[in-house]
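Residue numbers start at 1 and run along the sequence shown. Excluded from the calculations below are hydrogen atoms, water molecules and symmetry mates; all remaining heavy atoms, backbone and side chain alike, are included. Just so you know, these numbers come straight off a predicted model, no measurement behind them.
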Amino acid sequence: MDHQQLKAFAVEKIEDLKGRDIIELDVSGKSSVTDTLIICSGNSKRHVVSIAENLVVEAKKSDTAPLSIEGKEDGDWVLVDLGDVVVHVMQDEARDFYQLEKLWG
């Protein structure tokens with residue numbers, strides 16, 4: 001998958017499980033690790049984990065295995081690293097506290 005397809009794929013998989021407030025941030029000039037951050041919200045710990053797990057399962061089916069998955073045990077903030085795209089699935093409280101949009105925007 002090219003970069004644009006990967007971004008669209010991730011957003012689609014988030015939307016499949018009703019992830020909210022999806023934001024894409026271009027960090028290509030600010031980060032040497034990734035080009036795009038996608039941030040979204042889930043309604044509960046279970047919802048956050050389900051969104052992330054759906055993204056991981058569907059990515060593996062598409063031969064795009066994630067490089068890393070962090071935070072599934074806690075469920076407040078789950079990070080799925082797809083290489084050029086890193087997805088942050090967060091509960092509202094964590095999202096408000098860390099304010100990644102302001103940090104990277």
Determine whether Leu55 and Phe9 make a side-chain contact, defined as any pair of heavy atoms from C-beta on separated by less than 4.5 Å. yes

Are Val78 and Ile69 side-chain neighbours, meaning at least one heavy-atom pair lies under 4.5 Å? yes

Which heavy atom in Val48 sits nearest to a heavy atom in Met90, and how many Å separate them? CG2-C, 3.8 Å

Spell out, as yes or no, whether a donor-acceptor pair under 3.5 Å connects the side chain of Ser68 to the backbone of Asp81. no

Please tell me if the side chains of Val86 and Thr36 come closer than 4.5 Å, counting only heavy atoms from C-beta onward. no

Tell me, do Asp35 and His3 make a side-chain contact under 4.5 Å, heavy atoms counted? yes

Do you know the tightest heavy-atom contact between Gly42 and Ile51? CA-CD1, 4.2 Å

Treating Ile, Leu, Val, Met, Phe, Trp and Tyr as nodes and any side-chain heavy-atom pair under 4.5 angstrom as an edge, say whether Val87 and Val27 lie in one connected cluster. no

With a 4.5 Å limit on heavy-atom distance, are the side chains of Val56 and Lys60 in contact? yes

Are the side chains of Asn54 and Asp16 in touch, meaning some heavy atoms are under 4.5 Å apart? yes

Evaluate side-chain contact (heavy atoms from CB on, under 4.5 Å) for Trp77 paired with Ile39, printing each intermediate quantity in order. CA-CA 10 Å; Trp77 176 1; Ile39 305 166; over 6 Å; no

Examine distances only and state if a side-chain atom of Ser50 and a backbone atom of Arg46 form a donor-acceptor pair shorter than 3.5 Å. yes

Do Lys45 and Asp76 have side-chain heavy atoms sitting under 4.5 Å apart? yes

Distance check, rounded to the nearest 0.5 Å: Lys61 atom NZ versus Lys13 atom NZ? 8.0 Å

Sub-4.5 Å side-chain heavy-atom contact between Asn43 and Arg20: yes

What heavy-atom pair brings Ala59 and Leu82 nearest, and what distance separates the two atoms? CB-CD2, 4.1 Å

Taking Val80 as the starting point, is it possible to reach Leu67 by hopping between hydrophobic residues whose side chains are less than 4.5 Å apart? no

For Glu101 and Leu25, the nearest pair of non-hydrogen atoms, with its separation, is CA-CD1, 3.9 Å

Any residue meeting side-chain hydrogen bond (donor to acceptor under 3.5 Å, both in side chains) with Ser41, in chain and number order, not counting sequence neighbours: Asp92, Arg95

Which heavy atom of Gly75 sits nearest a heavy atom of Gln91, and at what distance? O-NE2, 3.5 Å

Please answer: with hydrophobic residues joined when any side-chain heavy atoms are less than 4.5 Å apart, are Ile14 and Ile23 in the same cluster? no

Can you give me the closest heavy-atom contact between Ile22 and Cys40, atom names plus distance? CG1-CB, 3.9 Å

Please, which pairs that meet ring-ring contact (aromatic ring centres under 6.0 Å, His included) have at least one residue in residues 48-74, sequence neighbours excluded? none

Mind checking whether Leu100 and Val11 sit in one hydrophobic cluster, side chains of I, L, V, M, F, W, Y counted as touching below 4.5 Å? no

So, does Ser62 use its side chain to make a donor-acceptor pair with the main chain of Thr64 at under 3.5 Å? no

Atom pair CD (Glu93) and OH (Tyr98), whose distance is rounded to the nearest 0.5 Å: 12.0 Å

With side chain to side chain contact (heavy atoms under 4.5 Å, CB included) as the test, pick out the partner of Met1 among Leu6, Asp84, Asp63. Leu6

